[in-house]
Undergrad: 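Please find one structure pasted underneath; my questions will follow.
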Amino acid sequence: MRFRTLAALVAFPAVALTAGAQAVDLTGAGATFPYPIYSKWFSEYAAKTGVRINYQSIGSGGGIRQLSEQTVDFGASDAPMSDAELGKAKGGKVLHFPMVLGAVVVTYNLPDAGKTLKLSGPVLGDIFLGKITKWNDPRIAALNAGAKLPAKDILVVHRSDGSGTSFIFTDYLTAASPAWAAGPGKGKEVQWPVGLGGKGNEGVAGQVRQIVGSIGYVELAYARQNKLSYAEIQNGAGNFTAPTIEAITEAAASAAKKLEKDTDYRVSIVNAPGKKSYPISSFTWLLVYEQMPNATKAKKLADFLKYAFKDGQQSAAALDYAPLPTNLIKQLEKRVAGLTTGR
Amino acid sequence: MPSTSLHGASLGDRIYRFTTTAFAASVPLLLVLLGVEVMIAAWPALKAFHFSFLTSSRWDAVEGVFGAAPAIYGTIISSVLALVIATPLAVGVAIFLSEFAPPWLRQPVAFLVDLLAAIPSVVYGLWGIFVLVPLLREQVMPFITDRLHLGNTPLFSGPAYGPSMLAAGLILAIMVLPYISSVTREVLMAVPRSQREAALALGATRWEMIRGAVLPYASSGILGGVILGLGRALGETMAVTMVIGNRHEISSSLFAPGYTMASLIANEFSEATNDMHLSALMAVGAVLLALTLAVNMLARWLVWRVARQGR
């Protein structure tokens, strides 16, 4: 809280200065998870077209609230809006646009394991439920022939702050572990049966790095940039896959094939069926009113979306996000065309 | 120069009086408005859960069932723990600085202690994660359980992961120490010379003089400093969130992770979209506000009582 206030105080004069010189064309607010790539897109787009977009990464919840109150032109979220939330939006129908893909990885601290750990949904579910308590549990050993598993207690570390990362991870556990689905379920905050709560990716990663025998989950980008070790996870087709950019895009591609024609794109792609797909993957969405009150802004936003689906996707991988699959981009470009003309 | 009478005030006086009264009234009004706003927002949750909001340990945003007992418990325990650790230390520092320290040492040490208050709490939190918590896990906790053989007592049982109520209490103790010690130092300095000289004249040693003549005279002021520290400890958010382990569970063990009300709000508010969830967080805010007000009122009363007895 205090941190954010400080940041706002520091940022305020800067915003006021630039706003005085050049007006902002569009404002948005929402998820922190895609902020690195969004800010790259916005600055490149401003350099290219002169259209200025101000984005505040205040969290998905805040983004949805501000969009509902129409204090921003667009929102952004890591979890799709619920029907109840959609009903409360004051500006009419809200459209979800998947922008890019992210993944959550399972990171652990077992320095002597000897090889990369393999985990399946049901085993992961039981670890986070506190039913599997030792690393040398036969069910973990069965998935990891040849790995040296100590008779050590497992320490679960989860996020304490509400986050899209927790949503994606619990969404996966709900899809892949019946025991988890019957228990805590999915959400940005759930009632964790065991373990410690760390604040932010850095809080979870900090604990996992310090304590041998701990296991937690963080965003892929965070894990890669900080060189954490992470497990291979069994996907819907039964294969163990590492979270590579290709495996994440593959998850979206295989899920996109099954989408209905009139989908609203509020779809989960966890536990996707493709052979090579990484199962803890997700879209992150931009939230836009179908009919914006201001026609100029509607045009500018539609043009930006076109840019993001075309040129923007190429800068995804460098920032550890996965680009959308080509079959999906074609559908989304058509949907943007509908947005420009209104209904 | 026209003379102004005390009774028939001139226009300028009346404007001045009105303005200052308005300023003075605005602060209590702000507090009332704050309380009303928080209560309105908290009402749906308080109505839905009644007393179980204060007594239940189940905080489940998925099912929409909220009980804040662990956070209330954690707020009180971590703050009390902080005071238990910080008060003797802070009073000791203050006594040293006001009674024993040579003048050349007094200013630098006082300045350094006061400087502790200027460190941002997020910096304390980072220090907690990287220094204090590993130290507790690898040295202090094993020492308490294995060397002192206290591992089976309720206060020190369970596995030692590091992030814990103990870590939160320790970091809060460091954070409130400058407040208590600074107030205590000022109060001790204000004790009249005659009071000390009288005690010394009766043949008291230096220690007897401090214990018998200085501390009783200053006790209401010291208590005020302690309460100021308590107020700070109750509301501290960032540093505590980073070291307490954030777990909705009441445990007698200081080694176990816990939660505080301020941490709960800070952790969940930005991503809460469900109405009941938001209302429950507001209700936590209302409880925290009520607790802080109650503590302050109790403190006023204590200070008043001690001050009366001291005369």
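Chain A is the first sequence line, chain B the second, and so forth, proteins listed ahead of strands; every chain is numbered from 1.
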Undergrad: Would you mind checking which part of Ile244(B) comes under 4.5 Å of any heavy atom in chain A, side chain (CB onward), backbone (N, CA, C, O), both or neither?
TA: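 For Ile244(B), no heavy atom lies under 4.5 Å from chain A.
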Undergrad: In terms of heavy-atom proximity below 4.5 Å to chain A, should Arg58(B) be classed as side chain, backbone, both, or neither?
TA: both
Undergrad: Where along residues 74-84 of chain A does a heavy atom come under 4.5 Å of chain B, listed by residue number?
TA: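 When heavy atoms of chain B are the reference, residues 74-84 of chain A contributes no residue within the under-4.5 Å range.
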Undergrad: Given heavy-atom pairs under 4.5 angstrom as the criterion, report whether the side chain, backbone, both or neither of Lys186(A) touches chain B.
TA: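 For Lys186(A), the backbone is the part near chain B, not the side chain.
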Undergrad: Would you confirm whether Glu271(B), through its side chain, and Ser60(A), through its main-chain N or O, come within 3.5 Å as a donor-acceptor pair?
TA: yes
Undergrad: May I ask you to decide if Ile129(B)'s main-chain N or O and Gln210(A)'s side chain share a donor-acceptor pair within less than 3.5 Å?
TA: yes
Undergrad: Mind checking which of residues 153-169 of chain A sit less than 4.5 Å from chain B, heavy atom to heavy atom?
TA: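 Leu155(A), His158(A), Ser160(A), Asp161(A), Gly162(A), Ser163(A), listed by number.
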Undergrad: Find the one option among Trp59(B), Phe130(B), Tyr161(B) whose heavy-atom pairs under 4.5 Å with chain A are most numerous.
TA: Tyr161(B)
Undergrad: Could you tell me which portion of Glu202(A) (side chain, backbone, both or neither) has an atom closer than 4.5 angstrom to a non-hydrogen atom of chain B?
TA: neither
Undergrad: Can you tell if the side chain of Glu268(B) reaches within under 4.5 Å of the side chain of Lys188(A), non-hydrogen atoms only?
TA: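 A side-chain contact under 4.5 Å is absent here.
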Undergrad: How long is the span from the CG atom in Asn267(B) to the NZ atom in Lys199(A), to the nearest 0.5 Å?
TA: 5.0 Å
Undergrad: Less than 4.5 Å to any heavy atom of chain B: does that hold for the side chain of Glu85(A), its backbone, both, or neither?
TA: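 Only the side chain of Glu85(A) comes within 4.5 Å of chain B.
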Undergrad: Quick check on the interface: out of Gly62(A), Gly63(A), Gly195(A), Ala31(A), who has the most heavy-atom pairs with chain B under 4.5 Å?
TA: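 Ranked by contacts with chain B, first place is Gly195(A).
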Undergrad: For a 4.5 angstrom cut-off between non-hydrogen side-chain atoms, does Asp60(B) reach Glu189(A)?
TA: no
Undergrad: Using a 4.5 angstrom heavy-atom cutoff, name the option from Gly203(A), Ser68(A), Pro193(A) with the most pairs to chain B.
TA: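 Highest number of heavy-atom pairs under 4.5 Å: Pro193(A).
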Undergrad: Pick from Pro257(B), Pro163(B), Gly125(B), Pro134(B): which one has the most heavy-atom pairs with chain A under 4.5 Å?
TA: Pro163(B)
Undergrad: Donor-acceptor check, side chain of Arg65(A) to backbone of Ala272(B), threshold 3.5 angstrom: yes or no?
TA: yes
Undergrad: For the candidates Gly59(A), Gly197(A), Pro184(A), Ser214(A), which exhibits the highest count of non-hydrogen atom pairs separated by less than 4.5 Å from chain B?
TA: Gly197(A)
